Protein chains: 2
Amino acid sequence: MVAGDADIAPIAALMGEPARAAVLMALIDGRALAASTLAAEAGVAASTLSAHLARLVDGGLVSVEASGRNRYFRITRPEVADALEALARLAPCRPIRSLRQGTHAEAIRRARTCYDHLAGRLGVALLDALVAGNVLRVEEDPGGRPDPVLGAGRSQRYVLTKTGKARLGELGVDVETTARRPLTRYCLDWSEQRPHLAGALGNTLLSRFVDLGWVTRGERRVVQVTDAGRTGLARDLGVAAGDWA
Amino acid sequence: MVAGDADIAPIAALMGEPARAAVLMALIDGRALAASTLAAEAGVAASTLSAHLARLVDGGLVSVEASGRNRYFRITRPEVADALEALARLAPCRPIRSLRQGTHAEAIRRARTCYDHLAGRLGVALLDALVAGNVLRVEEDPGGRPDPVLGAGRSQRYVLTKTGKARLGELGVDVETTARRPLTRYCLDWSEQRPHLAGALGNTLLSRFVDLGWVTRGERRVVQVTDAGRTGLARDLGVAAGDWA
DNA sequence: AGGATACTTCGCTCAATCCCGAAGTGTGAC
DNA sequence: GTCACACTTCGGGATTGAGCGAAGTATCCT
């Protein structure tokens, strides 16, 4: 390899180990997670993961923040998430080894949670419906630099419209509650390769849907849409019929 | 890790071995290179590289084309180059071990090819000049989802203007020739961290510059700007003076 | 045909590192 | 103070795979 060329091997090697890859993918949405959570996610012993995390930190991909007896790890900068996304776009989805995994793989593509909001075909259809129904307006962000936290708020912005605020109010969604997080943000859906709604509003909507009994959260991030949800989503939010329920 | 998540580990592992990374970086400009060339590039025995290449092909990152007793390898699709660039943006540049490497490192930052178009300070200056000279117009792309091809065509678009078409025509660049690829596309420059022009137009311009004797392609992706190129680029395209020649 | 070249396959060695459990360190809870 | 908990460090076992050269196959040249 040519000197002066960027040396991608060490970085790629960090991402190329299953446990570390699992950690990074778990952190890709910008959350800070504790070591023990990550160990469970990666399916390895705490001691093993500790070594992996040390290497990720050493490699500059992940940073630590100590809080009491916990240590919270997060991805250091958006370029890391970019690279992970670029790899994910390249990666085949993991092979299906059992019928159960097969139905799970299908289910998770249909509707799942991503961090604290909806994703999969349902998540994408929801965002489409909110835009089509003038609840959200798409704006280009002239500042255009990749945004640090929460996945992929790139140079596009979704803004809640006045009518949108009213419509959501009718649905019992109080838009004012949240202050610290950006209200709207999008997140590139790995299975659909299209954006879905993230941010505080994505979170609030998911909670509200659960409260309304429109969706129920299953195992491993899978989400089921109920009959009430099917009709409610179509009637109140105009979510187009599709293979998301 | 949850089944159904994209499994980036195997792909990243393919890129995470120094010899394979060297091969991929050598192929990142889209050329097809023979196995022996790549072995020299990577600095390993032919037999070793053969195994590496087999794995890259098996992993879908690289494709082979047999031609006589040679086998030519190339990167299968632009998404692979995308991922490599995303990793390169993350990677520290490798330490410089010799004067020769030092000058090369400088040269490659100054002007190089990336895939099939110009990059480095020259590539960035060129795109700036095309925009400043109203050859290309920047548009925000409302369709806004990240675009698969050639680097990072995010939600920004470069559109060829009418005057630009005329200007390029005077330069002997036939803009109509290309149909299958998007005409303009940008690619984030890993050394400059700013976009340079990719896409069919980027390719056509590079070819034309070579035909005009404005630039010559050196070894290892380095590009030299000739005296004619210096004056021509400034006069005909308004490329601002800078440390790119 | 005979030899050179390009590449792959095979057999082997050796180093890296992945993994775990046990023990150690520091913090929070009672 | 004492226990529980979160995490790291250490020691040792097992696996992986990167490396080379030699031999094998296919192609090109003369």
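Please read all numbers here as calculations on a predicted model, not as lab measurements.
- B/Ser47 comes within 4.0 angstrom of a nucleotide base, judged by non-hydrogen atoms across all strands.
- Residue B/Ala35 is in sugar-phosphate contact alone, with no base atom involved, counting any heavy-atom pair closer than 4.0 Å across all strands shown.
- Distances shorter than 4.0 Å separate some side-chain N or O of A/His52 from OP1 or OP2 on C/dC19.
- A straight line from OH of A/Tyr72 to C1' of D/dC5 spans 12 Å, rounded to a whole angstrom.
- For the pair B/Met15 CE and D/dG17 C1', the computed distance is 19 Å after rounding to whole Å.
- Side-chain atoms of B/Arg20 come within 3.5 Å of backbone atoms of B/Leu14 as a donor-acceptor pair (strictly under, hydrogens ignored).
- Remark: A/Arg71 is not in phosphate contact with C/dT27, judged by side-chain N or O atoms under 4.0 Å from OP1 or OP2.
- At the phosphate of C/dT8, OP1 or OP2 sits under 4.0 Å from a side-chain N or O atom of B/Ser50.
- Atom-to-atom, CG of A/Leu56 to P of D/dT8 comes out at 12 Å; the value is rounded to the nearest Å.
- If you measure from atom CD of A/Glu65 to atom C1' of D/dC7, you get 16 Å, rounded to the nearest angstrom.
- No engagement by B/Ala54 is indicated, since no non-hydrogen atom pair under 4.0 Å with the nucleic acid exists.
- If you take CZ of A/Arg20 and C1' of C/dC19, they are 13 Å apart, rounded to a whole angstrom.
- Contact check for A/Thr204 versus A/Leu168: no side-chain heavy atoms found under the 4.5 Å cut-off.
- The shortest side-chain heavy-atom distance between A/Leu126 and A/Phe209 falls under the 4.5 Å cut-off.
- Atom CG of B/Leu53 is separated from atom P of C/dT8 by 7 Å (rounded to the nearest Å).
- The two residues A/Arg110 and A/Asp243 make their nearest non-hydrogen contact at CG-O, 3.3 Å.
- You'll find that the side chain of B/Arg69 is closest to C/dA6, out of C/dA6, C/dC19, C/dG26.
- For the pair A/Leu14 CG and C/dT17 P, the computed distance is 10 Å after rounding to whole Å.
- Within the structure, a side-chain polar atom (N or O) of A/Asn70 is placed less than 4.0 Å from OP1 or OP2 of D/dC7.
- To the nearest angstrom, C1' of C/dC19 lies 10 Å from CD of A/Glu17.
- The CG atom of B/Leu87 sits 7.5 Å away from atom CD1 of A/Ile11, with the distance rounded to the nearest 0.5 Å.
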